[in-house]
Amino acid sequence: MDRMPLLGDRLAPYVAESIHELLWLALMAPILCLELKIYGMWMSGGERRLSKVANPCNHLAVVGNFVGALLGASMGLKEGPIFFFAVGVAHYTVLFVTLYQRLPTNETLPKELHPVFFLFIAAPSVAGTAWAAITGEFSIGARIPYFIAMFLYASLAVRVNFFRGFRFSITWWAYTFPMAGSAIATIRYTAQVNNVNTRTLSLSLAIISSFTALFLFICTILHGFVFLDLFPNDIAIAISHKKSKEKHRHLVSPDVEACNLNACGIRSPQPCCCMC
C-alpha cells in the first residue's frame, strides 16, 4: 500500500509532460490516415487523379498539415510538426502548379463557387505562421510563404468582377479562413519587422477579416431564418437531376424500345433480354 502513492508521484510528472504530445498525436492521426488515402489517389491515377479533380477546394486537404504543425510547435514539439510541414509543402507545391496549369481535364467551377479561390491564400499564410512557430522567429523560411500569400491576396482582391454577380450562399464563408490566416501571419510578421507600413497592413487585414466574418454571420442568420433561401441550389440540383433522367429516357434505342413492347403493343414491365 505504501508503494502506490510513490508510484503515482513518479508517474504524475511524466503524464503531465507528455499529455500534450499524446493529445496532439491523437488529433493528427486521423488527418494522417486521410492524407495517406487522398494523396495516394492523387498520385496513383484513375478517376480521382489530381490532374482531373484539382480545384481550389483541394487546398483544404493540404492546409491541415500546416495547422497541425502550428499546433504542435505551440506545444513545444519539434519532429512531428516538421514532418507535417514537409508533407504540406510537397503537396502544396504539386497542387499549386496543377491549379495554375488549368488542364483541360479540370472541371470549371460555376460562378457561385468563385469564393473558394480565396483558399489559395490559406495554405501559404498558415505555413509562414507554422514555420515561425517551429523556429521561434519569423525568418526567411517563414517570410517566403507569407509573401506568396500576400501576393495572391492582392491578385485576388483586384479582381472585383470575378467575385460579384451572384447571390449569397454558404460558399461565401470560404473568405473567412484565408483572411484570418493572412491577418494572423501579418501580425506575426509585424512583431518581427515593426514599422508604420507593417502595423498599418496588420491592422487593415485584421479589420477586414473581422468585418467579413461579422457580415457573413448576419447574412447567414437572415437567409437561414428570415428569407429561408440559404440553400437556393437545392431546387436547381433537383431540376438538373430530373432533366438528366428525361434525357437518358429519350436516348433509349428504338430497337430496345420496340423489344420492350409485347405483341399487344403494351410496354413490358421487364427489360428486354433478347439480342435486338
Side-chain angles (χ1 to χ4, degrees), residues 27-72 79-131 134 141-142 144-157 159 162-163 166 169-182 185 233 237 240-241 244:
L27 293 174
M28 296 304 296
I31 296 179
L32 179 61
C33 294
L34 288 174
E35 288 177 346
L36 290 175
K37 180 176 179 59
I38 294 174
Y39 297 164
M41 291 189 299
W42 288 0
M43 181 172 53
S44 61
E47 291 297 323
R48 296 184 180 274
R49 63 184 182 274
L50 183 60
S51 60
K52 187 172 182 178
V53 302
N55 64 75
C57 296
N58 293 123
H59 284 103
L60 296 176
V62 178
V63 72
N65 294 287
F66 302 124
V67 174
L70 175 60
L71 177 61
E79 299 302 321
I82 293 177
F83 168 78
F84 279 99
F85 185 88
V87 173
V89 168
H91 288 88
Y92 174 74
T93 304
V94 174
L95 178 61
F96 185 82
V97 173
T98 304
L99 290 175
Y100 253 58
Q101 287 178 337
R102 299 189 64 83
L103 299 175
T105 54
N106 293 133
E107 295 290 340
T108 302
L109 289 179
K111 194 172 184 180
E112 290 76 11
L113 296 181
H114 282 182
V116 300
F117 276 88
F118 258 73
L119 293 175
F120 270 97
I121 309 170
S125 59
V126 180
T129 308
W131 188 251
I134 292 173
I144 290 176
Y146 168 71
F147 289 148
I148 293 174
M150 290 297 100
F151 173 79
L152 294 174
Y153 199 138
S155 64
L156 291 173
R159 302 189 64 188
F162 189 74
F163 297 101
F166 47 91
S169 65
I170 289 295
T171 56
W172 285 31
W173 280 95
Y175 292 123
T176 56
F177 176 58
M179 287 183 175
S182 60
N233 292 330
I237 293 173
S240 62
H241 183 64
S244 64

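Hydrogens, waters and symmetry mates play no part in the numbers below; they use all other heavy atoms, side chains included.
- Between the CG atom in Asn58 and the CG atom in Leu95 there is a gap of 5.5 Å [rounded to 0.5 Å].
- Pro124 places none of its side-chain heavy atoms less than 4.5 Å from the side chain of Phe151.
- Within the 4.5 Å cutoff, the side chain of Trp42 has no heavy atoms near those of the Val94 side chain.
- Among Val89, Leu32, Leu71, the one residue that satisfies the side chain to side chain contact (heavy atoms under 4.5 Å, CB included) test with Phe84 is Leu32.
- Here OH of Tyr92 is found 9.0 Å from CG of Leu99. Values are rounded to the nearest 0.5 Å.
- Counting only distance, with no hydrogens or angles, the side chain of Tyr153 and the backbone of Met179 share no donor-acceptor pair below 3.5 Å.
- Side chains of Ile31 and Met28 form a contact here, defined as non-hydrogen atoms less than 4.5 Å apart.
- For Phe120 against Pro56, the heavy-atom pair with the smallest separation is CE1-CG, 4.0 Å.
- In terms of heavy atoms, Phe85 sits closest to Ala127 at CE1-O, 3.3 Å.
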Pair Phe163-Trp172, side chain to side chain contact (heavy atoms under 4.5 Å, CB included): steps then yes or no: CA-CA 10 Å; Phe163 297 101; Trp172 285 31; over 6 Å; no
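- Remark: the backbone N or O of Phe162 is paired with a side-chain donor or acceptor of His114 at under 3.5 angstrom.
- Between Phe117 and Leu156, the shortest heavy-atom distance links the atoms O-CD1, 3.4 Å.
- Ala130 approaches Ala69 most closely through the heavy-atom pair CB-CB, 4.3 Å.
- The two atoms that bring Pro178 and Ile121 nearest to each other are CB-CB, 4.0 Å, heavy atoms only.
- Side chains of Phe83 and Glu79 form no contact here, defined as non-hydrogen atoms less than 4.5 Å apart.
- Pro110 meets the side chain to side chain contact (heavy atoms under 4.5 Å, CB included) test with Glu112, Leu113; sequence neighbours excluded.
- The structure places NE2 of His91 at 11.0 Å from OG1 of Thr98, a figure rounded to the nearest 0.5 Å.
- A 4.5 Å side-chain heavy-atom check between Phe118 and Phe177 finds every atom pair outside the cut-off.
- Within the 4.5 Å cutoff, the side chain of Val87 has heavy atoms near those of the Tyr39 side chain.
- Contact record, Ala149 with Ser125: CB-N, 3.6 Å, taken as the closest heavy-atom pair.
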Full working for side chain to side chain contact (heavy atoms under 4.5 Å, CB included) between Val116 and Asn55: CA-CA 9 Å; Val116 300; Asn55 64 75; 5.7 Å; no
